[in-house]
Structures are given as structure tokens and as C-alpha cells.
Engineer: 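Here you go, one structure.
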Amino acid sequence: MNADKENQGLIGVHRRSSATISNRIGRLLLAWYRKAYRDLPWRRTCDPYRIWVSEIMLQQTRAAAAIPYYQRFLERYPSVEALAAAGEADVLAIWSGLGYYSRARNLLRAARQVAAAGHFPEEIEALKALPGIGDYTAAAIASIAFGRPHAVVDGNVLRVVARVRNEPADIGAAATRRRFGEIAQAWLARRDPGGFNQALMELGATVCRPRNPLCTACPISAACQANQAGTAAQLPVKLRRVEPVEVREARLLVERSGRVLLRRRELSLGRLAGFWDLPSPDQLPAARLGVPLGEFRHSIAHHRYRIAVARAQAKKPPAGYGIFAWMDPGQLERVPLSTTARKALKLAAKARTATCPRA
DNA sequence: AAATCGGGGAA
DNA sequence: TTCCCAGATTT
């Protein structure tokens with residue numbers, strides 16, 4: 001939008017020159033993408049709902065990690081109406097393990113809005129009005145599902161733009177993201193906005209990678225100023241860097257006739273609200289501690305956890321310490337289960353086979 | 001503008 | 001280990 005305004009303000013010869021360069025990048029990217037694209041599940045559909053689900057799952061998540069979740073999710077909820085009719089706990093159960101659970105909650109809320117409206121929004125502003133859909137996702141859905149001419153700005157795009165223009169500006173700054181977005185918008189191939197956006201992101205994911213960029217295999221290396229300057233590996237510049245916080249915690253594994261004791265986190269909590277996890281020692285004060293099973297690491301954002309797991313015995317869950325339940329393996333798959341619980345159970349299973357090979 | 005989100009994989 | 005991923009939302 002802004003790039004268009006800028007172009008309109010230029011005199012003819014400059015405008016044509018600028019447009020020629022822009023179109024060349026768009027054309028080269030589309031031609032390359034047709035041959036080099038990865039055959040990912042969400043690229044086999046034009047269904048806006050499926051494209052939407054993929055874009056939400058792909059937020060801050062690699063394609064490889066999202067694929068199994070995407071398949072299961074659409075098997076369970078094949079349409080926006082099916083999703084709108086689901087309960088939140090069921091949706092979170094399917095999502096559990098993928099992280100950033102507000103994505104799932106917002107997706108469900110938005111699905112209910114879309115189902116109630118009776119139609120899927122096609123304009124970028126209407127898309128952005130839905131919960132969980134911000135600038136990137138709105139542009140992605142509008143362009144890929146509906147052919148609207150909006151350039152996406154994600155981590156890949158920021159990296160490619162920084163290198164092509166040899167720009168050392170901090171990509172963490174809002175002003176830089178806006179400016180880089182205008183550059184991507186100027187590159188956009190109007191005949192196929194969705195294809196162009198996917199091509200630009202695919203280039204960032206497979207060729208113009210964060211480390212060890214494959215410049216010799218790049219379809220736009222001739223237009224890349226960082227490639228000419230030899231600075232590609234130093235770009236993009238990202239100044240803000242938060243120090244990770246180390247946290248040590250403990251969990252208790254209490255088993256009784258094939259079931260394990262779990263505790264549900266309060267619904268009022270901001271994070272993992274309503275998720276089930278193994279109880280910690282302070283949540284099970286009467287438990288008799290058993291053998292330690294080891295510890296595992298867990299990381300999210302800038303938190304790094306080391307969680308020790310020990311066996312324990314308890315006759316019954318204590319009153320006043322929250323909601324507890326004994327669950328069998330089948331139940332565990334049907335509730336929102338925290339990844340720490342999953343890792344703790346895995347650790348226990350490993351300890352079991354190590355000490356008792358028959359089991 | 002900066003923090004938060006309770007994942008995870010590649011190098 | 002570190003970095004950062006098809007980011008959005010809240011503070």
C-alpha cells in the first residue's frame with residue numbers, strides 16, 4: 001500500500017525502472033518456487049479453513065513440527081463448523097504438545113465467530129478482526145486463499161529483505177519491520193500474490209537460511225546486495241536478546257493400579273490454564289517420597305526448566321490443593337496434557353524398562 | 001517498546 | 001549450548 005503510493009509519486013522513468021526491478025524479483029521467485037517447493041499438506045488445498053489452520057499452527061513453529069498436528073486436527077475438525085461445535089478442552093487436547101495454547105483458544109473463538117457469521121471473511125481487515133489473526137496471518141490467508149495482493153512479513157521475509165538490500169537495521173524494531181514490509185509489498189507479484197508470498201517464505205526457509213545461506217543456489221542472488229558485499233551471513237541484525245531464566249522444579253509420579261495421579265491447573269492461570277500435569281511436592285504434602293526417576297529439561301520462550309521426577313505414594317489426593325484425577329493411558333490422550341507431564345511419564349517409562357526389562 | 005507465551009529442532 | 005521458527009497479544 002505505502003510502496004504503491006511512493007511509486008505513484010515518482011516520475012515515469014523512475015517508476016518504470018523501479019517496477020522492472022520489483023517484477024524481476026517476483027518473477028524469479030515464482031519460477032523458482034514452482035520447481036523447488038516442498039510438498040506440504042497445506043499446499044494441497046485451497047480451502048480457506050485449512051489454510052487458516054495451517055497458518056495458526058505455523059506461528060513460531062517449524063513446518064515439520066506442525067505436520068502431524070495439522071493432520072490430526074483436520075481429521076477431527078474437517079470444517080469450520082465442526083470446529084465451532086467443539087469444546088475448548090477437546091481442542092486443547094488435540095493441540096497439546098504444540099505449545100502457545102492461546103493459538104488454539106483463539107482459533108476456536110474465531111471459528112465460532114465465522115460459523116455464526118455464516119461465511120469466511122476474505123478481506124484483510126475483516127480477517128485481522130478475528131482473534132489470533134494479526135498482520136502476518138491476515139495477509140497470508142488473504143493472499144493464499146483469496147488472491148488478495150498483500151505481502152506477508154514473517155521472519156523469513158525480514159531475513160531475505162535484509163540481505164537483498166544489505167540492510168543492517170534491527171529487525172526487532174517496529175519501524176524496520178514496517179519498512180521491510182513495504183519493500184516486500186513492492187516486490188509482490190500481482191498475478192499470484194499467494195504464490196509469491198509462499199515463494200518468498202520458502203526461499204527464506206530452504207535457501208536464504210539463518211545460518212549457512214545457500215547463495216549459490218539462490219534464484220535472486222544476482223539481485224542480492226548482501227551476496228555482492230559478502231555480508232549475507234551477518235544479516236539480519238537482531239539487537240534485542242533476552243537472557244534466559246533458569247527454573248528448577250519437581251514432579252511426583254504417583255501410580256495406583258495402572259493409573260497415574262494428575263492435577264489440573266487452575267482455570268484462572270494465564271498459562272496452561274486447565275491443563276493436567278503431575279503434582280509437585282508442595283501440591284501433595286502428604287505424599288511419601290519414593291525413588292527418584294531422573295530429571296529432564298524443558299524450554300519455552302526464554303524460560304529453561306530442569307524438572308526432577310520422583311516416585312511417590314499417596315492414598316488419596318489432598319483436599320484444598322486443587323482438582324486431582326487418576327487417569328489411565330487412554331484418558332491421557334483425551335485431555336489437555338502439559339508437555340512436562342508427557343516428558344515426566346516418558347522418563348518414568350524409560351526408568352521402568354531399565355530396571356525391569358520384562359515390563 | 002517490551003514482555004509473555006509453559007515448544008522444539010537444527011547446527 | 002544457541003538461535004529462531006509462516007507471530008499475536010498484553011502490558
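Letters A, B, ... mirror the listed sequences (proteins, then strands); counts begin at 1. The basis for the numbers below is simple: all heavy atoms, side chains too, and nothing from hydrogens, waters or symmetry mates.
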Engineer: For a quick check of understanding: with a heavy-atom distance under 4.0 Å over all strands, which category does A:Trp42 fall into, base, sugar-phosphate or nothing?
Structural biologist: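 Contact class for A:Trp42: base.
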
Engineer: Look at A:His302 and B:dA3 and indicate whether a side-chain polar atom (N or O) is within less than 4.0 Å of OP1 or OP2.
Structural biologist: no

Engineer: Counting only side-chain nitrogens and oxygens, does A:Arg103 get under 4.0 Å of the OP1 or OP2 atom of B:dG7?
Structural biologist: no

Engineer: Expressed in whole Å, how much space separates the C1' atoms belonging to B:dG9 and C:dA8?
Structural biologist: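 It works out to 22 Å between them.
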
Engineer: Taking the same atom, P, in C:dA6 and in B:dT4, what whole-Å distance lies between them?
Structural biologist: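 It comes out at 24 Å once rounded to the nearest Å.
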
Engineer: With rounding to the closest Å, how many angstrom separate the C1' atoms on B:dC5 and C:dC4?
Structural biologist: 15 Å

Engineer: Describe the nucleic acid contact of A:Arg342 in one word from base, sugar-phosphate, nothing, applying a heavy-atom distance below 4.0 Å.
Structural biologist: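 Counting heavy atoms under 4.0 Å across all strands, no contact is made by A:Arg342.
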
Engineer: Considering every strand and a 4.0 Å limit on heavy-atom distances, what is the contact class for A:Ala174: base, sugar-phosphate, or nothing?
Structural biologist: sugar-phosphate

Engineer: Nearest heavy atom decides the nucleotide; on that basis, is A:Ile133 or A:Glu202 closer to the 5' end of DNA chain C?
Structural biologist: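 Taking each residue's closest nucleotide, the earlier one in sequence belongs to A:Glu202.
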
Engineer: Tell me, with the steps shown, if A:Gln234 and A:Thr231 meet side chain to side chain donor-acceptor pair (under 3.5 Å).
Structural biologist: CA-CA 5 Å; A:Gln234 280 75 52; A:Thr231 54; 5.7 Å; no

Engineer: Should we say atom CZ of A:Arg288 is surrounded by more than 12 heavy atoms from elsewhere, each under 6.0 Å from it?
Structural biologist: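 Count not over threshold, so no.
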
Engineer: Report, as yes or no, whether the 6.0 Å neighbourhood of atom CD on A:Glu266 holds more than 12 heavy atoms from other residues, nucleotides or ligands.
Structural biologist: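 Enclosed.
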
Engineer: With sugar-phosphate meaning primed atoms plus P, OP1 and OP2, does A:Pro131 contact a base, only sugar-phosphate, or nothing at under 4.0 Å between heavy atoms?
Structural biologist: sugar-phosphate

Engineer: Using a heavy-atom cut-off of 4.0 Å across all strands, would you classify A:Phe275 as base, sugar-phosphate, or nothing?
Structural biologist: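 Nothing, no heavy atom under 4.0 Å.
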
Engineer: Closest nucleotide of DNA chain C for A:Lys128 versus for A:Leu40: which of these residues is on the 5' side?
Structural biologist: A:Leu40

Engineer: Using OP1 and OP2 only, check whether a side-chain N or O of A:Gln60 sits under 4.0 Å from C:dC5.
Structural biologist: no

Engineer: Which one, C:dG7, C:dA6, C:dC4, comes nearest to the side chain of A:Thr137?
Structural biologist: C:dG7

Engineer: Got a donor-acceptor pair under 3.5 Å from the side chain of A:Ser299 to the base of B:dG7?
Structural biologist: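 No, no donor-acceptor pair under 3.5 Å.
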
Engineer: What nucleotide, of C:dT9, B:dG7, B:dA1, holds the atom closest to the side chain of A:Asn106?
Structural biologist: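 Nearest listed nucleotide: C:dT9.
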
Engineer: Checking A:Gln59 against A:Tyr136: is there a side-chain donor and acceptor pair closer than 3.5 Å?
Structural biologist: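 Side chains of A:Tyr136 and A:Gln59: no pair found under 3.5 Å.
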
Engineer: Contact class for A:Gly97 vs. all strands (heavy atom < 4.0 Å): base, sugar-phosphate, or nothing?
Structural biologist: sugar-phosphate

Engineer: How are the rings of A:Phe275 and A:Tyr101 set relative to one another: parallel (under 30°), tilted (30 to 60°) or perpendicular (over 60°)?
Structural biologist: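 Because their plane-to-plane angle lies in the 30° to 60° range, the rings of A:Phe275 and A:Tyr101 count as tilted.
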
Engineer: Scan A:Asp277 against the nucleic acid and name what it touches under 4.0 Å (heavy atoms): base, sugar-phosphate only, or nothing.
Structural biologist: nothing

